2 protein chains.
Amino acid sequence: MGKYVTITEIARQLNVSHSTVSRALNGHGRISEKMRSQVVELAERLGYQSNSTAHRLSKGESGIIGVIVPDLSIHFFTKVIAGIQAVLQQAGYEIMLFNTAESMEQEVRAIEQCLKYRVDGVLAAISMKTNAFTHFQKLLRYEMPLVFFDRVANFLPVPKVVTNDYQAASKATRYLISSGCRCIAHITASINLNNSNNRLYGYMDALKEAGMPVKEALIHYYEFDRESIGQFLEKALKQHPGLDGLFVFNDYVANYTVNVLQKLGKQIPTDISVIGFSDEPVATYMTPQLSTVQHGGEKMGGLAAQKLISIIKKNEPVDGEKILINPELVLRGTTR
Amino acid sequence: MGKYVTITEIARQLNVSHSTVSRALNGHGRISEKMRSQVVELAERLGYQSNSTAHRLSKGESGIIGVIVPDLSIHFFTKVIAGIQAVLQQAGYEIMLFNTAESMEQEVRAIEQCLKYRVDGVLAAISMKTNAFTHFQKLLRYEMPLVFFDRVANFLPVPKVVTNDYQAASKATRYLISSGCRCIAHITASINLNNSNNRLYGYMDALKEAGMPVKEALIHYYEFDRESIGQFLEKALKQHPGLDGLFVFNDYVANYTVNVLQKLGKQIPTDISVIGFSDEPVATYMTPQLSTVQHGGEKMGGLAAQKLISIIKKNEPVDGEKILINPELVLRGTTR
DNA sequence: AGTTGTTGCGCACAGGTGTGCGCAGTATCT
DNA sequence: AGATACTGCGCACACCTGTGCGCAACAACT
């Protein structure tokens, strides 16, 4: 007994019209209690499943939200998706997932599909290779509700949910200071400027705030060449033997850094405290476990989804509002 | 500017019927070249996007595949999804993603939604807490194409794509032997029996095959208590000072184990070779980098998707066929 | 010129659901 | 008993696309 049961089929079996069945199941129009229970009972028995597609077609809503992510293998984004899903599910939406693999063509295609499927809204993080934005503008021309998260196009009049990198970095640095560190180095990334620059400024301002000098010799611009980290640390330790704190822009690199420091004979955190960034799984699998900044992926996803829903529902005027997420410190074994 | 353009609207503007427009755009019926170009031109100008929902409704296909995953934060599953997406996109399908967060209720709900949206097929990995299978049986009663991956229900007559854990473990162990190891220990998990038991047998059989004894003292059953690993290693090294090889059921635990061994003064891989399992990102962030078994997530996703498509398209009879994926060794710095 | 073949397009329906309107039947009130 | 109100349900349309059938117009043939 294969295929789906429709309300028309139920209507046929009961010798009534399909509208009666519809009313019985939804309780919207007037319907006698006797007929209602009769219909409900048969629907139950035949295993009726309402056809969302048809329903949404006639209502003009799809019940689907397009979620566009640049790289699923970045753990952070999976947390964002979890946050998105929790909120959307509450509101009765499902997720159509697009993984652009950092390709602009894929991103364009994803948006095309969102339009074709008459998705009710789009949540997107922009790919690194995206250098034109006509596809997003097209979305806006169709008045499609859109919210950016994490990777945003600042100049588009679209709400954006992003991490407060500046505050996060300053918080981490201030903690290092308050726990007794007197000479704090920072490893930052030379690409992906938006995020890491803000973290760099947060680090520098926290130092200045505490009356500590910012020294170029204590800042390393990482460019995906691991060896440079060992060289940097050896040189920094030679110039500043009192080096006792380190803030790293990313947990994976922090993990590597801890290994290098241990190999150089340093005790973590007794000699040197280390704080990473993102709270990736690797953080809890290190020895000692890594203190880090919780990137707040689920929170970001949840807020972005809420914002999107309120745009869809209340039709609120869309502006370029930027929602900042203040990350939390997660203190584990690499700090005092 | 504003809402969607329909073929009816295009037809109205050209004073023809909507079927003419449909034919012009799809080229299925007979149509004059003049009319065709006229329609296409106007459609282009108005920014026409065909309404997939309506199209699929009339064709009786949704063009959507439901993908049910127990935990997105497990990196392996994101690779599977990437593999799935690559294949499905080729075939013109989109993904509706469900993350059950290892909850059976969520899994039941996901399947309910798949039915409501008249999804064309379902790819599922079962949650750990699933102890009844009526929801999957319901899916089968509706003749919904279904393929399991990684976490499967063996007794259901559904194709399954899984890792060949036995062969993977035996391959890893044989490599350790061939690279000169003469005393090889194994850390396995005491839960999730299916997978880890097969790995355990693969390890044991490889030893026997090489004429080496299987010793209980060299096998540790890990139960998420890290301290036990240090205790196990110290004891094993005392009883078997010649211990020079280690096969671990999971990269994260392997990472921890390498840290412990280094702390015990062992050189990796000079004194002891280590092989992990899964090729998680952490493997490349260790020093030395971890040799491991590539779990083959993308391959698994791709094969599962292909199987599903062939069921949908050719309507091939469904059986409980089990497709095994033979993982590859990834040799890095923790082996000789 | 009449017959046959071909071409271009409209009509009407299918797919499943929801709803405004109206009709018939019953209950209530005067 | 007649007027009014209300109840229960069917009809027809909307949402949008695709297609089988048939009609009309025209070309080509005998």
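Worth knowing before you read on, the calculation uses all heavy atoms, side chains too, and leaves out hydrogens, waters and symmetry mates. Keep in mind that this is a model prediction, so the values were computed, not measured. First the proteins, then the strands, lettered A, B, ... as listed; each starts at 1.
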- Among all residues two or more places apart in sequence or in another chain, which pass the salt bridge (Lys or Arg N to Asp or Glu O under 4.0 Å) test with B:Glu94?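 Salt bridge (Lys or Arg N to Asp or Glu O under 4.0 Å) list for B:Glu94, sorted by chain: A:Arg109.
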- Task: Check salt bridge (Lys or Arg N to Asp or Glu O under 4.0 Å) between B:Lys79 and all other residues, then give those that pass, not counting sequence neighbours.
- Result: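 Not a single residue meets the salt bridge (Lys or Arg N to Asp or Glu O under 4.0 Å) criterion with B:Lys79.
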- B:Ile7, nearest nucleotide to its side chain (from C:dC9, D:dT17, C:dT17):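 Of C:dC9, D:dT17, C:dT17, D:dT17 is nearest to the side chain of B:Ile7.
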- Which residues share a ring pair (Phe, Tyr, Trp, His ring centres under 6.0 Å) with B:Phe136, sequence neighbours left out: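 Ring pair (Phe, Tyr, Trp, His ring centres under 6.0 Å) check on B:Phe136 returns B:Phe148.
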- Which residues pass the ring pair (Phe, Tyr, Trp, His ring centres under 6.0 Å) test with B:His75, sequence neighbours left out?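 Applying ring pair (Phe, Tyr, Trp, His ring centres under 6.0 Å) to B:His75 gives none.
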Rounded distance in Å - [atom1] ([X]) to [atom2] ([N]):
{"X": "A:Arg36", "N": "D:dT7", "atom1": "CZ", "atom2": "C1'", "result": "16 Å"}
{"X": "A:Arg118", "N": "D:dA14", "atom1": "CZ", "atom2": "C1'", "result": "16 Å"}
{"X": "B:His28", "N": "D:dT19", "atom1": "NE2", "atom2": "P", "result": "6 Å"}
{"X": "B:Leu25", "N": "D:dG18", "atom1": "CG", "atom2": "P", "result": "8 Å"}
{"X": "B:Met35", "N": "C:dG10", "atom1": "CE", "atom2": "P", "result": "6 Å"}
{"X": "B:Leu14", "N": "C:dC9", "atom1": "CG", "atom2": "P", "result": "11 Å"}
{"X": "A:Glu9", "N": "C:dG15", "atom1": "CD", "atom2": "P", "result": "12 Å"}

- Reckon B:Ser22 touches a base, only the sugar-phosphate, or nothing at all at heavy-atom distances under 4.0 Å?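 Result for B:Ser22 = base.
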- Specify whether A:His295 and A:Phe76 have parallel, tilted or perpendicular ring planes, treating 30° as the upper limit for parallel and 60° as the lower limit for perpendicular.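 A:His295 vs A:Phe76 ring planes: tilted.
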Any [X] side-chain nitrogen or oxygen under 4.0 Å from OP1 or OP2 of [N]:
{"X": "A:Thr20", "N": "D:dC9", "answer": "no"}
{"X": "A:Asn26", "N": "C:dT17", "answer": "no"}
{"X": "B:His18", "N": "D:dG18", "answer": "no"}
{"X": "A:Tyr117", "N": "D:dC16", "answer": "no"}
{"X": "A:Tyr48", "N": "C:dT17", "answer": "yes"}
{"X": "A:Ser32", "N": "D:dT7", "answer": "no"}

- Query: Under 3.5 Å, side chain of A:Asn51 to main-chain N/O of A:Thr53, donor-acceptor pair present?
  - Reply: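 Pair found, side chain donor or acceptor close to backbone of A:Thr53.
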Write out a two-atom table: protein N or O, nucleotide N or O from nucleotides 20-23 of chain D, distance below 3.5 Å.
none

- Message: B:Ser37: which residues meet the side chain to side chain contact (heavy atoms under 4.5 Å, CB included) condition with it, sequence neighbours left out?
- Response: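 Side chain to side chain contact (heavy atoms under 4.5 Å, CB included) check on B:Ser37 returns B:Glu33.
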- Five-pair end axes of the helix from C:dA1-D:dT30 to C:dT30-D:dA1 and the angle they enclose, rounded to 10°: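 Rounded value for the end-axis angle: 60°.
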- Query: Can you list every pair that meets ring-ring contact (aromatic ring centres under 6.0 Å, His included) and has a residue in residues 86-120 of chain B, with sequence neighbours left out?
  - Reply: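 Residue pairs with at least one partner in residues 86-120 of chain B: there are none.
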- Item | Residues touching DNA chain C, which here means a heavy atom under 4.0 Å, drawn from residues 53-61 of chain B |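 Those residues are B:Ala54, B:Leu57, B:Ser58.
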- Message: On DNA chain C, compare the nucleotides closest to B:Asn15 and A:Thr8; which residue's is nearer the 5' end?
- Response: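 Of the two residues, B:Asn15 wins.
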- Any residue meeting side chain to side chain donor-acceptor pair (under 3.5 Å) with A:Glu61, in chain and number order, not counting sequence neighbours: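 In terms of side chain to side chain donor-acceptor pair (under 3.5 Å), with neighbours along the sequence ignored, A:Glu61 is linked to no residue.
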- Task: Please collect all salt bridge (charged side-chain N to carboxylate O under 4.0 Å, His left out) contacts where either partner lies in residues 124-133 of chain B, sequence neighbours excluded, each pair once.
- Result: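 Pairs touching residues 124-133 of chain B that pass the test: none.
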- Message: Can you pull out every salt bridge (charged side-chain N to carboxylate O under 4.0 Å, His left out) where at least one residue sits in residues 116-127 of chain A? Sequence neighbours excluded, please.
- Response: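 Every candidate salt bridge (charged side-chain N to carboxylate O under 4.0 Å, His left out) pair involving residues 116-127 of chain A fails, so no pair, neighbours aside, qualifies.
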- Short N-O contact, B:Arg151 and B:Glu102, less than 4.0 angstrom: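 Salt bridge present between B:Arg151 and B:Glu102.
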